[in-house]
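Read through the structure below, which is laid out as structure tokens, and then see the notes.
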Amino acid sequence: MLELWIDRGRIESVAVHDARILDVGEVPARLVDALQGRRVQRVERRGKWLRVALDDGAFFSHLGMTGKWAEASPKDEPLRFERVRLDVVVGRAKRSVRYLDSRLFGRFAAPAEDLPIWRALGPDPLVDGIDVGALHAKLQRRKLAIKPVLLDQKVLAGIGNIYATEGLFTARIDPRRAASSLTRLETGAVARGLRKALLKSLARSTEDSITYVQEPGADNPFLIYGNEGMPCPRCKRPLGKMVLGGRGTVFCSRCQR
DNA sequence: AACGGAACCTGAAAGC
DNA sequence: TGCTTTCAGGTTCCGT
């Protein structure tokens, strides 16, 4: 959506309302300077990062877990949880886009060079696809449990706790299994499970809004995430939950081996 | 290098 | 009812 709102536009003004979404040591004034007057050339996504290429440089936006871009009118007052505001002229239209983030886990940056973290991202399952052989080789080198390895953005970009949980359930793999113990066949199943979970979520997202599971009124659209204690959709036994790599992990002890 | 655990932050939900 | 505590998530940092 952000792409639709600002592509080919010229950034008229920038306001950073809360500097906590910037990198440590970064100051709003420098960022404003880097963006003002620049033209947006394209918007790309890899994993949880957006990279907005400008005629000179680029800016990066990570949505954390509660971040979203929203379109507003330039006349509108700051929206609830607004942290950054960009006013853009696209053709004859004046648009104002706002970065909203209640929990401030997101990030906003306009570095001179591409962020190292962006360059280090693994392949994005939807943008780049998953090369099962390459993934299998990568997993072979990791002794850690498969679930925390999937959360490593250098392995695959964009896999968070929800998709790792869902993908492993679909692949019928126990999240505690050592990553190195997965066969190539099982790695293929995980790759398909992850893609399926991501695509399902993408299909669910409406034209112009993101609804997070945590938001009131949103019902749980996931197979097992958030459903601990409820019947497994496959075998009907109650789903278990444990902490793995510091994150809650729902699983079925019968279906996932 | 690889790993575990705590910290960051705040709204919602659960507990009292 | 209203206050307090706990929990969730993605990432970074610190110690081992």
Side-chain angles (χ1 to χ4, degrees), chain A residues 16-26 45-51 60-70 78-84 98-109 111 114-122 124-125 137-169 175-182 194 197-198 201 205 210-230 239-251:
Chain A
V16 178
H17 305 313
D18 194 319
R20 286 177 294 178
I21 60 152
L22 305 180
D23 281 321
V24 280
E26 180 64 280
R45 178 193 70 79
R46 266 174 74 211
K48 303 162 190 170
W49 283 95
L50 293 174
R51 179 181 186 274
F60 293 83
S61 168
H62 189 295
L63 301 182
M65 55 174 289
T66 52
K68 60 169 80 172
W69 284 92
L79 305 176
R80 195 176 183 212
F81 306 129
E82 182 174 314
R83 312 301 187 187
V84 175
R98 319 289 178 89
Y99 176 67
L100 319 178
D101 189 355
S102 66
R103 291 186 192 177
L104 290 166
F105 271 23
R107 208 123 68 83
F108 189 75
D114 278 357
L115 289 177
I117 196 161
W118 163 268
R119 285 190 298 224
L121 288 175
D124 180 288
K138 217 175 255 186
L139 296 183
Q140 288 280 290
R141 298 194 292 269
R142 305 291 297 265
K143 286 182 207 157
L144 208 60
I146 180 64
K147 176 151 175 282
V149 169
L150 292 177
L151 296 179
D152 182 346
Q153 301 299 298
K154 295 192 283 295
V155 173
L156 290 172
I159 305 302
N161 200 36
I162 292 173
Y163 299 112
T165 299
E166 297 281 293
L168 287 170
F169 173 75
R176 293 165 291 193
R177 286 266 303 277
S180 57
S181 76
L182 266 69
L194 292 171
L198 289 166
S201 168
S205 68
I210 303 176
T211 306
Y212 286 102
V213 210
Q214 296 88 348
E215 288 180 10
D219 51 15
N220 180 343
F222 302 114
L223 293 171
I224 65 168
Y225 177 82
N227 289 350
E228 59 272 24
M230 316 236 289
L239 294 166
K241 184 169 182 179
M242 65 188 159
V243 175
L244 206 51
R247 292 289 164 231
T249 304
V250 180
F251 69 109

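Throughout, protein chains are lettered first and strands after them, A, B, ... in sequence-line order, and every chain is numbered starting at 1. In this text, all values refer to a predicted model and were calculated from it rather than measured experimentally. Basis for what follows: all heavy atoms, side chains included, without hydrogens, waters or symmetry-related copies.
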When you compare the protein's N or O atoms with those of nucleotides 2-5 of chain B, which come within less than 3.5 Å of each other, and at what distance?
residue : atom : partner  : partner atom : Å
B:dC3   : OP1  : A:Lys143 : N            : 3.3
B:dC3   : OP1  : A:Leu144 : N            : 3.3
B:dC3   : OP2  : A:Arg142 : NE           : 3.1
B:dC3   : OP2  : A:Arg142 : NH2          : 3.3

Requested in this report: Applying side-chain contact (heavy atoms from CB on, under 4.5 Å), name anything that partners A:Ser180, two or more places apart in sequence or on another chain.
Outcome: A:Ala178
Query - Set of residues satisfying side-chain contact (heavy atoms from CB on, under 4.5 Å) with respect to A:Thr249, sequence neighbours excluded - result: A:Lys147, A:Pro175, A:Met242, A:Leu244
Query - Test side chain to side chain donor-acceptor pair (under 3.5 Å) applied to A:Arg247 - qualifying residues, sequence neighbours left out - result: none
Take atom [atom1] of [X] and atom [atom2] of [N], then tell me their distance rounded to the nearest Å.
X        : N      : atom1 : atom2 : result
A:Leu100 : B:dT10 : CG    : P     : 15 Å
A:Leu22  : B:dC9  : CG    : P     : 14 Å
A:Asp18  : B:dC9  : CG    : C1'   : 10 Å
A:Asn220 : C:dA8  : CG    : P     : 14 Å
A:Asp101 : B:dC8  : CG    : C1'   : 12 Å

Query raised in the report: Which angle, to the nearest 10 degrees, lies between the helix axes at the two ends of the helix from B:dA2-C:dT16 to B:dC16-C:dG2, each defined by five pairs?
Result: 50°
Query raised in the report: When A:Asp124 is tested against each of A:Lys48, A:Arg45, A:Arg51 for salt bridge (Lys or Arg N to Asp or Glu O under 4.0 Å), which residue passes?
Result: A:Arg45
Query raised in the report: Taking OP1 and OP2 of C:dA8, is either one under 4.0 Å from a side-chain nitrogen or oxygen of A:Lys241?
Result: yes
With sequence neighbours excluded, tell me which residues meet ring pair (Phe, Tyr, Trp, His ring centres under 6.0 Å) with [X].
X        : result
A:Tyr163 : none
A:Phe60  : A:Trp118
A:Tyr99  : A:Trp69

Considering residues at least two apart in sequence or located in another chain, which fulfil the salt bridge (Lys or Arg N to Asp or Glu O under 4.0 Å) criterion with [X]?
X        : value
A:Arg46  : none
A:Arg20  : A:Asp18
A:Lys154 : A:Asp152

Query raised in the report: Within the side chain of A:Gln153, is there an N or O that forms a donor-acceptor pair under 3.5 Å with the backbone of A:Gly158?
Result: yes
Query - Protein proximity profile, nucleotides 10-16 of chain C - base contact B, sugar-phosphate-only contact S, no contact -, cut-off 4.0 Å on heavy atoms - result: BBS----
